[in-house]
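Computed from a predicted structure; not experimentally measured.
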Amino acid sequence: MGSMEDRGVLLVHWLQNLPYEKIGKVYADLMNDPSITDKDLAYIAKHDRYFLLTVVFGRTDALHPWLYDRCREVERDPDGHLDLWARAHYKSTIITYAGAIQEILKDPNITIAIFAHVRNIAKAFLAQIKRELEGNEFLKRLFPEILYAEPRREAPVWSLDAGLIVKRTSNPKEGTIEAHGLVDGQPTSRHFKLRIYDDTVSREAVTTGEQIQKTLDAFDLSQNLASTHDGRQWMVGTRYSFSDP
């Protein structure tokens with residue numbers, strides 16, 4: 001590793017181990033330190049999800065010690081877990097929204113699919129990500145090699161229906177990030193490096209055994225959409241019943 005990356009690794013490690021009571025002041029000091037460059041801030045944003053969420057995205061509503069702990073928890077070990085948190089506890093904000101964008105910033109060649117019970121729910125998650133990548137000028141300043149200045153005009157694909165494509169060096173048929181339904185509108189002949197399952201169960205989907213089995217079968221089918229080399233998955237949800245899939 002070069003000296004600049006060494007510095008970033010040490011800085012992020014230090015930040016991730018700070019208590020919540022100190023993190024706000026430290027972030028403010030970093031933003032006001034003339035020796036901290038945009039490259040430094042970009043490195044922190046790629047590896048410190050709480051910095052990305054509260055400073056780069058400006059989500060001051062997430063300034064809470066419990067949310068800070070959850071950011072640290074999911075960034076330490078993000079893959080292959082089922083995160084069942086209560087409603088209004090920012091699970092989609094931290095994992096689906098901030099997490100997906102952070103993955104894109106780490107690897108612009110990644111392919112991500114967001115799966116919800118029906119496609120319209122998944123498209124709502126994608127819409128939030130789309131707005132951030134379009135309108136956050138600070139984010140675009142930190143990552144000009146990845147994010148388009150005017151993506152609606154410059155990006156080869158940029159819509160809720162077809163997905164979003166950032167600047168990348170590979171050319172897979174999948175978009176950088178797409179939105180799909182699990183039980184309806186599931187794609188075929190596509191393979192994603194990361195599948196994010198969020199709100200894949202609805203209140204109406206747990207009233208009968210047949211509906212529950214339909215969701216389970218759809219989830220099993222979606223496993224075929226994983227990349228053959230490095231398919232990863234995140235699962236986010238809230239329980240609706242004892243027999244919730």
Side-chain angles (χ1 to χ4, degrees), residues 7-79 81-106 112 114 116 121-122 124-144 146-147 164 177 194 196-199 234-239:
R7 171 182 171 178
V9 170
L10 292 172
L11 182 56
V12 168
H13 178 75
W14 175 63
L15 290 171
Q16 290 174 334
N17 286 278
L18 286 174
Y20 174 77
E21 292 73 21
K22 294 184 178 180
I23 198 69
K25 183 180 185 307
V26 170
Y27 284 164
D29 290 344
L30 284 173
M31 295 299 292
N32 293 314
D33 187 340
S35 71
I36 299 295
T37 66
D38 278 358
K39 287 187 177 181
D40 293 323
L41 296 176
Y43 189 90
I44 296 169
K46 287 192 292 185
H47 299 281
D48 182 339
R49 194 168 304 184
Y50 200 65
F51 178 81
L52 179 68
L53 180 63
T54 61
V55 178
V56 180
F57 294 172
R59 290 293 299 271
T60 56
D61 57 301
L63 296 174
H64 190 281
W66 192 86
L67 300 178
Y68 176 70
D69 289 343
R70 298 290 72 70
C71 279
R72 295 297 179 233
E73 181 181 28
V74 299
E75 71 189 0
R76 279 196 304 268
D77 190 14
D79 298 340
H81 294 283
L82 174 59
D83 284 276
L84 293 175
W85 308 356
R87 292 173 182 81
H89 277 60
Y90 283 67
K91 56 188 178 295
S92 296
T93 298
I94 291 171
I95 298 174
T96 305
Y97 160 60
I101 293 176
Q102 192 174 52
E103 290 293 321
I104 293 168
L105 301 178
K106 288 179 181 179
I112 302 174
I114 300 174
I121 298 174
F125 292 130
L126 184 60
Q128 184 183 24
I129 292 168
K130 180 174 178 285
R131 289 192 301 270
E132 198 69 50
L133 299 185
E134 287 176 351
N136 191 322
E137 298 302 324
F138 180 42
L139 181 66
K140 289 188 282 187
R141 190 187 91 194
L142 294 183
F143 296 94
I146 297 174
L147 303 178
L164 313 178
I177 184 164
L194 173 62
I196 304 175
Y197 297 90
D198 196 338
D199 278 344
W234 301 347
M235 292 163 282
V236 184
T238 300
R239 289 188 185 278

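- Within the model, atoms CD of Gln16 and OH of Tyr68 stand 8.0 Å from one another, a figure rounded to the nearest 0.5 Å.
- Between the OG1 atom in Thr54 and the CG atom in Leu67 there is a gap of 10.5 Å [rounded to 0.5 Å].
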* **Stepwise side chain to side chain contact (heavy atoms under 4.5 Å, CB included) check, Tyr197 with Leu82** => CA-CA 9 Å; Tyr197 297 90; Leu82 174 59; over 6 Å; no
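- Within 6.0 Å of the NE2 atom in His13, the count of heavy atoms belonging to other residues, nucleotides or ligands does not exceed 12.
- Inter-residue side-chain proximity for Leu30 and Val55 is flagged as unmet; no heavy-atom pair is nearer than 4.5 Å.
- We find the CG-CG distance between Leu105 and Leu147 to be 6.0 Å, quoted to the nearest 0.5 Å.
- Rounded to the nearest 0.5 angstrom, Ile177 CD1 and Leu194 CG are separated by 8.0 Å.
- Looking only at distances, a side-chain donor or acceptor of Thr238 sits under 3.5 Å from a matching main-chain atom of Trp85.
- In this structure, Leu52 and Ala45 approach most closely via the heavy-atom pair CB-O, 3.8 Å.
- Applying the side chain to side chain contact (heavy atoms under 4.5 Å, CB included) test to Ser35 and every residue at least two apart in sequence or in another chain returns Arg7, Asp33.
- When all heavy atoms of Ile112 and Ala100 are compared, the closest pair comes out as CD1-O, 3.8 Å.
- Side-chain atoms of His64 do not come within 3.5 Å of backbone N or O of Ala62 as any donor-acceptor pair.
- The shortest side-chain heavy-atom distance between Ile104 and Phe143 does not fall under the 4.5 Å cut-off.
- Using a 4.5 Å cut-off on side-chain heavy atoms (C-beta onward), Phe51 and Leu41 make contact.
- For Glu134, the side chain to side chain contact (heavy atoms under 4.5 Å, CB included) test picks out Lys130, Pro151, Arg152, Trp158, with sequence neighbours left out.
- By the ring-ring contact (aromatic ring centres under 6.0 Å, His included) test, Phe138 pairs with no residue at all, sequence neighbours left out.
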* **Derivation of the side chain to side chain contact (heavy atoms under 4.5 Å, CB included) call for Val74 and Trp234** => CA-CA 10 Å; Val74 299; Trp234 301 347; over 6 Å; no
* CA sep, side-chain torsions, deciding dist, call: Val9, Tyr43, side chain to side chain contact (heavy atoms under 4.5 Å, CB included) -> CA-CA 9 Å; Val9 170; Tyr43 189 90; 3.0 Å; yes
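- Separating the CZ atom in Arg70 from the CG atom in Asp83 is a distance of 9.0 Å, to the nearest 0.5 Å.
- For Asp77, there are no salt bridge (charged side-chain N to carboxylate O under 4.0 Å, His left out) partners two or more places apart in sequence or in a different chain.
- Here the closest heavy-atom approach between residue Val56 and residue Asn136 is recorded as O-ND2, 2.9 Å.
- Pairs passing the side chain to side chain donor-acceptor pair (under 3.5 Å) check and including a residue from residues 18-32, sequence neighbours excluded, read Lys25-Asp29, Tyr27-Asp48, Tyr27-Arg72.
- Across all their heavy atoms, Pro78 and Glu75 have their closest contact at CD-O, 4.0 Å.
- Ala98 is linked by a side chain to side chain contact (heavy atoms under 4.5 Å, CB included) to Arg49, Leu53, Phe57, counting only residues two or more places apart in sequence or in another chain.
- In this structure, OH in Tyr97 is found 13.5 Å from CD1 in Ile196, a value given to the nearest 0.5 Å.
- Heavy atoms only, all atoms of each residue included: Ala42 and Leu142 are closest at CB-O, 3.7 Å.
- Of all heavy-atom pairs between Leu63 and Tyr50, the closest is CA-OH, 3.2 Å.
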